[in-house]
Amino acid sequence: MNNSYLDNARAVEKDLVAFMQDIVRIPSLSSQEGAVVERIQEEMQKLGYDEVKVDPMGNLIGRIGSGPRVIAFDAHVDIVDVGDRSLWDRDPFSGDVEGGILFGRGASDMKGGVASSVYGGALLKQKGVPDDVTVYVTASVQEEDCDGLCWQFIAREDGLEPELVVITEPTSLRVYRGHRGRMEIEVHTSGISCHGSAPERGVNAVYKMAAIIADIEALNERLEPREPLGKGTVTISDIRSTSPSLCAVADGCTIHLDRRLTIGETEETSVAEIAALPSVQAADATVTVLDYAVPSYTGLVYPTRKYFPTWELPADAPGTQAALAAHRNAFGEEAEVGFWVFSTNAVATAGMLGFPTIGFGPGHEEFAHAPNEQTEVEHLVRAAAFYTALVDAFANGTPTEAH
Ligand SMILES: [Zn+2]
């Protein structure tokens, strides 16, 4: 080992890439992550982690060091499905490397983050973790289905309380310090069914919904942008209705809303805003925030409301400063700083639990959930180097008071 974070990471490039190829080749949809978790567990054990365990939800937690100051690196191991295979130039699970690019579903979102953080841990194990620090590397489950649920469990049931959480989702190697929140809402109208041959005898729930749909579209237009995350949004992602038969007036209609939340927008403000729409009032429609209660691959059900709060780590917070210092120390230059467009497990670590959280990861957000997903091998190496530098910068920085 020498003093260069980047040289040390380059020295393990071959093993890092082979591991990444292995995990890309194991499909792992949400609630089906068992096989990939087993493979990652095997790698952590081989690399000499001090402790490796799988919690009751199925999250894999690797530990290095045993100091009082805790830093956690999180990567979710589940992926979304491949979609239309004809849009892919090669097998979505090939893990092929060509011209320094590694291809496959999950390459950017986010098995790259898994591989780089697991090897970041290995490099720390080799060179020694600072005495007062414990490093956790979590390979977490079900993020694509319900972001943050794994960390609600890891914090509340496993008892992890990190002073800093690093979300290793793709940032194109930039330092990210926030993103919009989101929630899932249903609006339901009721009518009175009757024979479709005489609709005037009934009340059509779909017609009541028509005015609400127009109001939702207008609401999206007037949501105000707020710095630094921009504007919240609302869109209708699904509509369905019920009636006794296809020859009857509809007696129920439901729309599903995808609401993205910027600074200052919460569950309360967003529900109140919809409930106050004139069309919702006129139709006496109900507004409900949905619940999530899908079993994990171990069979555990850990219900939560589908409200995922907005978060931002201030530019002058110790976590941001440690990330900027780590970037300088690893690469000799200033980091670019930004925010994700999508949502991550930070909705729980930062938004619900209040742990200072920062983002840095290999790959690109633009490839997430897209065909021909890929990441640069160089990104994997650089992210691993950055993670080791970050642990040192964290150890040298100001401790954050627990809250
Ligand atoms: Zn992701």
Side-chain angles (χ1 to χ4, degrees), residues 20 23-24 26-33 36-37 40 57-60 72-83 92-93 95 102-118 120 137-154 165-182 184 229 258 260 292 294 296-297 304 306 308-311 338-352 357-376 379-380 383 387:
M20 171 71 167
I23 59 177
V24 166
I26 304 172
S28 52
L29 294 176
S30 299
S31 295
Q32 299 174 34
E33 303 96 334
V36 82
V37 163
I40 300 163
M57 180 179 269
N59 301 299
L60 175 68
F73 292 86
D74 177 69
H76 69 78
V77 303
D78 56 323
I79 52 168
V80 296
D81 216 336
V82 297
F93 300 103
L102 195 155
F103 294 90
R105 171 57 85 221
S108 268
D109 185 14
M110 59 170 295
K111 287 177 171 171
V114 176
S116 294
S117 57
V118 167
V137 176
T138 57
S140 52
V141 300
Q142 275 180 297
E143 190 274 348
E144 295 293 359
D145 223 16
C146 187
D147 22 329
L149 183 67
C150 54
W151 262 91
Q152 290 192 58
F153 191 89
I154 290 169
V165 176
V166 185
I167 298 289
T168 63
E169 293 259 19
T171 67
S172 309
L173 301 180
R174 295 187 278 255
V175 171
Y176 281 3
R177 57 181 186 83
H179 60 64
R180 295 182 302 167
R182 66 178 195 93
E184 292 181 41
L229 297 179
D258 176 327
R260 303 285 157 160
Y292 180 85
V294 176
S296 74
Y297 76 88
T304 191
K306 292 177 125 181
F308 309 93
T310 310
W311 70 281
F339 301 88
W340 276 295
V341 175
F342 63 26
S343 181
T344 74
N345 280 334
V347 294
T349 62
M352 297 177 190
T357 298
I358 194 90
F360 187 94
H364 305 280
E365 191 172 345
E366 293 76 9
F367 283 117
H369 305 190
N372 301 313
E373 191 174 345
Q374 56 190 264
T375 193
E376 293 89 331
H379 274 217
L380 302 177
Y387 299 147

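Whatever order the structure lists ligands and atoms in, that order sets their numbers, starting from 1.
- The Zn ion (ligand 1) is closest to atom OD1 of Asp109 (considering only N, O or S atoms).
- In the model, Ser172 has a side-chain atom that pairs as donor or acceptor with a side-chain atom of His364 under 3.5 Å.
- Atom-to-atom distance recorded for Thr171:OG1 and Arg177:CZ is 14.0 Å, nearest 0.5 angstrom.
- Between the Zn ion (ligand 1) and Glu143 there is no N/O/S contact shorter than 2.8 Å.
- Between Trp311 and Trp340, the two ring planes are tilted [angle within 30° to 60°].
- At a threshold of 2.8 Å, the Zn ion (ligand 1) has no backbone or side-chain N, O or S atom of Glu144 nearer than that distance.
- Between the Zn ion (ligand 1) and the N, O or S atoms of Glu169, the shortest distance is to OE1.
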_What verdict does the side chain to side chain donor-acceptor pair (under 3.5 Å) test give for His76 and Glu33, after you've listed the backbone C-alpha separation in whole Å, the side-chain angles of each residue and the deciding distance to 0.1 Å?_
CA-CA 10 Å; His76 69 78; Glu33 303 96 334; over 6 Å; no
